[in-house]
Structure formats: structure tokens, C-alpha cells
Amino acid sequence: MGSTDGQTGQAWASQAWAGVTGKQVVITGATRGIGLEAAKALAGMGARVALVARNMARGEAAAAAVDGAGQAQGHPRAAEVLVADLSSQAGVRSLAATVAQRYPAVHVLVNNAGAVFSRRRMTVDGLEMTWALNHVAPWLLTNLLLDKLKASAPARVVTTGSEAGVRSHIPFDDLDAALSWGDRRSMAKGFSRYGQTKLANLVFTQELARRLEGTGVEAFCFHPGLVATGFNKNNGTLAALGMALVRPFARSPERGAQTLVWLASSTQVNGPNGGYFFDRKLHPVPQGARVEGVGRRLWEVTAAQAGL
């Protein structure tokens with residue numbers, strides 16, 4: 001398997017990967033935006049898609065759209081909805097148990113769910129919400145499903161990152177954001193915290209690829225670009241207005257999902273296992289992901305936070 005530094009890499013392909021037709025895909029954050037568009041595209045290729053949703057009503061609406069996309073391409077197999085609260089470790093563990101029990105194999109796991117908040121909040125597990133939802137949840141879900149993914153190999157883990165992590169760092173000395181954020185309401189602090197979690201997604205992907213070398217399970221991270229979705233509308237009128245102002249300059253969810261779909265389905269990926277991609281091309285990783293030992297340290301810290 002290829003280099004995991006994300007900086008170099010020649011045309012690289014998994015010799016065993018043959019696309020997603022007939023394969024089981026699990027996607028978090030699948031009820032809108034790039035997650036929904038990716039689910040529709042993969043269903044159109046003949047994949048069986050499990051949509052992870054926060055509530056059944058939104059999940060069923062998304063499943064209907066995914067079903068329609070699959071049927072339009074002659075693939076009648078229905079999408080399935082799995083309901084989970086990913087901000088709760090109990091919710092993540094319950095989801096993983098359901099997936100492991102329900103599906104004989106899982107060929108693609110897409111960690112796409114994420115959010116940004118204007119105020120520091122804590123989860124039921126005592127973790128800062130942005131960190132818990134954007135980083136700890138995909139780390140825990142992936143690890144709980146590793147045996148299933150290995151048994152289903154060749155398999156892939158695709159995680160949604162962001163260029164928000166380019167000038168960020170892993171806050172090992174302030175994991176609950178008490179020092180950097182405190183109790184003030186601040187969208188700027190919220191976006192800074194979001195950037196930290198997106199850098200963590202990339203570092204996690206690189207370390208995961210290193211640990212899975214030789215297993216037949218591949219790991220990739222990607223930046224979707226600035227996408228016009230419902231992202232950040234949970235933070236009040238001003239945040240929603242800000243997103244409305246940038247909408248004319250943003251790409252569509254369909255375009256934002258293209259690299260996700262490509263990483264999940266392509267028989268050849270132009271870059272190494274563990275690589276970071278933008279517009280289906282290998283993208284340089286930020287400095288914060290190249291710090292010596294950062295992957296191992298993040299893995300150990302997260303394992304302690306997740307009790308795994």
C-alpha cells in the first residue's frame with residue numbers, strides 16, 4: 001500500500017477494488033448536502049446504502065430520494081435508515097452494534113456528519129460538542145466497525161475533511177476548549193474549533209491508513225470545497241445570513257460530493273492510501289498534520305476519551 005504522508009504519491013490503485021455495485025455502504029450525515037448527494041450517486045451505481053440520520057422523518061425523506069436515484073439507473077434495492085445521535089458515545093456504540101449485526105459485510109464507511117457551533121457546549125460524555133461530533137464520533141464508529149471492514153475487505157473508509165484545518169493545530173493542551181473559547185458566544189471561536197476537528201479528521205485518516213496497512217482496508221480524507229448546504233444554519237439568524245451571502249460563490253452539493261463518490265467507488269485513486277484529496281486530486285496536507293508523532297498521540301488521546 002502507498003505512502004501515508006499525503007505529500008507525494010504516484011498513480012495508485014487498489015488491485016482488488018472493483019467499484020461499489022452490489023456493495024454495502026454506510027454514510028453518516030446522509031440526510032442533506034453532500035452526504036445525501038453522495039448516497040444518491042452511489043445508489044445509482046448499484047450500491048446498497050445505509051443512511052445514518054438524527055431522526056427517522058428526515059431519514060425516510062432522504063431514503064426516498066436515494067431510492068429514486070437507484071431506481072432511475074435500474075437498481076431497485078431500497079436504501080435503509082439508521083437513526084443515531086452521534087454526539088453521544090452510547091449512540092455511536094448502538095449504531096455500530098446495529099450495523100455489525102444487520103449487515104453481513106460493510107464495504108464502504110463514509111464519515112460525513114459534522115457541525116459548527118457558535119457557543120461552547122458539552123456532551124453527555126463530558127466532551128466539547130464540536131470535538132465529540134466531528135472527531136471522536138467518526139474515530140469511535142470506525143474503530144468499532146474495523147473487524148467488519150477487515151472481514152469485508154477490500155473495503156474503504158472515507159472521511160469528510162475541510163480546508164478549515166489548514167492553519168489549525170491539534171489542541172492537546174485544551175481538548176475541551178475551555179481556554180480558547182470559554183463560555184462566550186463567538187462564531188469566530190466556533191469556526192476555529194471546527195478547523196481543529198477537521199485537521200483531526202485528516203490526522204486520523206493518515207494514522208488509520210498506517211495501522212491498516214496490509215489488511216485490504218483503505219482510508220481517504222477529502223475537502224469538498226465551499227458548498228451551498230444547510231451547514232451552520234443551526235447557529236441563529238446572523239450565521240444563516242452569512243451563509244446566504246456566500247451562497248452565490250459556493251458550489252452545489254452535487255459538485256461537493258463528487259470527490260467523496262470518486263473515493264468510495266473508483267478503481268484507481270491518484271494518490272496514496274491515507275491521502276487527502278480535493279476535486280479528485282491529491283492535495284497537500286497542512287503543517288499541523290506533519291508534526292512528528294501527532295497521529296499516534298491523537299489516536300491514544302482519542303482512545304482514552306472514547307474509553308476504547
Side-chain angles (χ1 to χ4, degrees), residues 28-29 32-35 54 85-89 91-92 111-140 159-205 221-247 249-250 256 276 278 285-291 294-295 297-299 301-302 304-306:
T28 69
R32 66 183 182 185
I34 64 173
R54 284 180 292 176
D85 176 6
L86 298 179
S87 70
S88 159
Q89 291 182 20
V92 176
N111 294 310
N112 176 64
V116 62
F117 302 97
S118 62
R119 185 182 295 278
R120 177 174 171 269
R121 300 163 54 189
M122 305 300 288
T123 70
V124 294
D125 303 300
L127 301 178
E128 188 276 317
M129 179 68 77
T130 324
W131 184 258
L133 179 61
N134 294 3
H135 167 61
V136 178
W139 185 96
L140 179 58
T159 300
T160 303
S162 171
E163 282 295 270
V166 166
R167 286 174 291 278
S168 194
H169 68 288
I170 305 297
F172 291 110
D173 58 345
D174 190 25
L175 289 174
D176 63 0
L179 299 176
S180 61
W181 200 347
D183 295 324
R184 303 182 304 278
R185 185 180 183 91
S186 170
M187 202 67 250
K189 295 292 185 182
F191 273 115
S192 176
R193 183 60 163 178
Y194 177 77
Q196 293 172 352
T197 65
K198 293 293 100 180
L199 177 62
N201 290 156
L202 173 55
V203 172
F204 158 64
T205 297
C221 189
F222 78 101
H223 169 47
L226 177 61
V227 182
T229 68
F231 183 76
N232 196 31
K233 290 184 178 180
N234 57 297
N235 288 308
T237 303
L238 288 178
L241 176 60
M243 296 306 294
L245 290 174
V246 302
R247 181 175 291 272
F249 309 99
Y276 178 44
F278 176 51
V285 302
Q287 180 63 41
R290 288 181 267 147
V291 176
V294 68
R297 185 180 181 189
L298 179 63
W299 193 279
V301 166
T302 311
Q305 290 183 317

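Note that the numbering runs from 1 along the sequence shown for the chain.
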query: Relative to the ring of His135, is the ring of Trp131 parallel (under 30°), tilted (30 to 60°) or perpendicular (over 60°)?
result: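 Rings of Trp131 and His135: tilted, 30 to 60°.
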Rounded distance [0.5 Å steps], [atom1] in [X] versus [atom2] in [Y]:
{"X": "Leu86", "Y": "Leu140", "atom1": "CG", "atom2": "CG", "value": "10.0 Å"}
{"X": "Ile170", "Y": "Thr197", "atom1": "CD1", "atom2": "OG1", "value": "9.0 Å"}
{"X": "Arg297", "Y": "Thr302", "atom1": "CZ", "atom2": "OG1", "value": "11.0 Å"}
{"X": "Asn134", "Y": "Tyr194", "atom1": "CG", "atom2": "OH", "value": "6.5 Å"}
{"X": "Ser192", "Y": "His169", "atom1": "OG", "atom2": "NE2", "value": "7.5 Å"}
{"X": "Phe278", "Y": "Cys221", "atom1": "CZ", "atom2": "SG", "value": "13.0 Å"}

message: Quick one, Ser87 with Met129, criterion side chain to side chain contact (heavy atoms under 4.5 Å, CB included). Give me CA distance, side-chain angles, the key distance, then yes/no.
response: CA-CA 7 Å; Ser87 70; Met129 179 68 77; 3.4 Å; yes
Any idea which heavy atoms bring [X] and [Y] closest together, and the distance?
{"X": "Gly195", "Y": "Ser168", "value": "C-OG, 3.5 Å"}
{"X": "Gly256", "Y": "Ile34", "value": "C-CG2, 3.7 Å"}
{"X": "Trp139", "Y": "Ala306", "value": "CZ3-CB, 4.0 Å"}
{"X": "Trp181", "Y": "Arg119", "value": "CZ2-C, 3.4 Å"}
{"X": "Arg120", "Y": "Asp183", "value": "NH1-OD1, 3.7 Å"}
{"X": "Thr28", "Y": "Asn112", "value": "OG1-N, 2.9 Å"}

Is there a side-chain contact between [X] and [Y], using heavy atoms and a 4.5 Å cut-off?
{"X": "Asp176", "Y": "Asp174", "value": "yes"}
{"X": "Leu298", "Y": "Phe172", "value": "yes"}
{"X": "Leu127", "Y": "Gln89", "value": "yes"}

- prompt: side chain to side chain contact (heavy atoms under 4.5 Å, CB included) between Val116 and Met187: does it pass, once the steps are laid out?
  reply: CA-CA 9 Å; Val116 62; Met187 202 67 250; 3.8 Å; yes
- request: Please list, chain by chain and in numerical order, all residues satisfying side-chain hydrogen bond (donor to acceptor under 3.5 Å, both in side chains) with Glu128, sequence neighbours excluded.
  value: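 Thr130, Arg193.
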- prompt: Does the pair Asn201 and Thr160 meet the rule for a side chain to side chain contact (heavy atoms under 4.5 Å, CB included), with working shown?
  reply: CA-CA 7 Å; Asn201 290 156; Thr160 303; over 6 Å; no
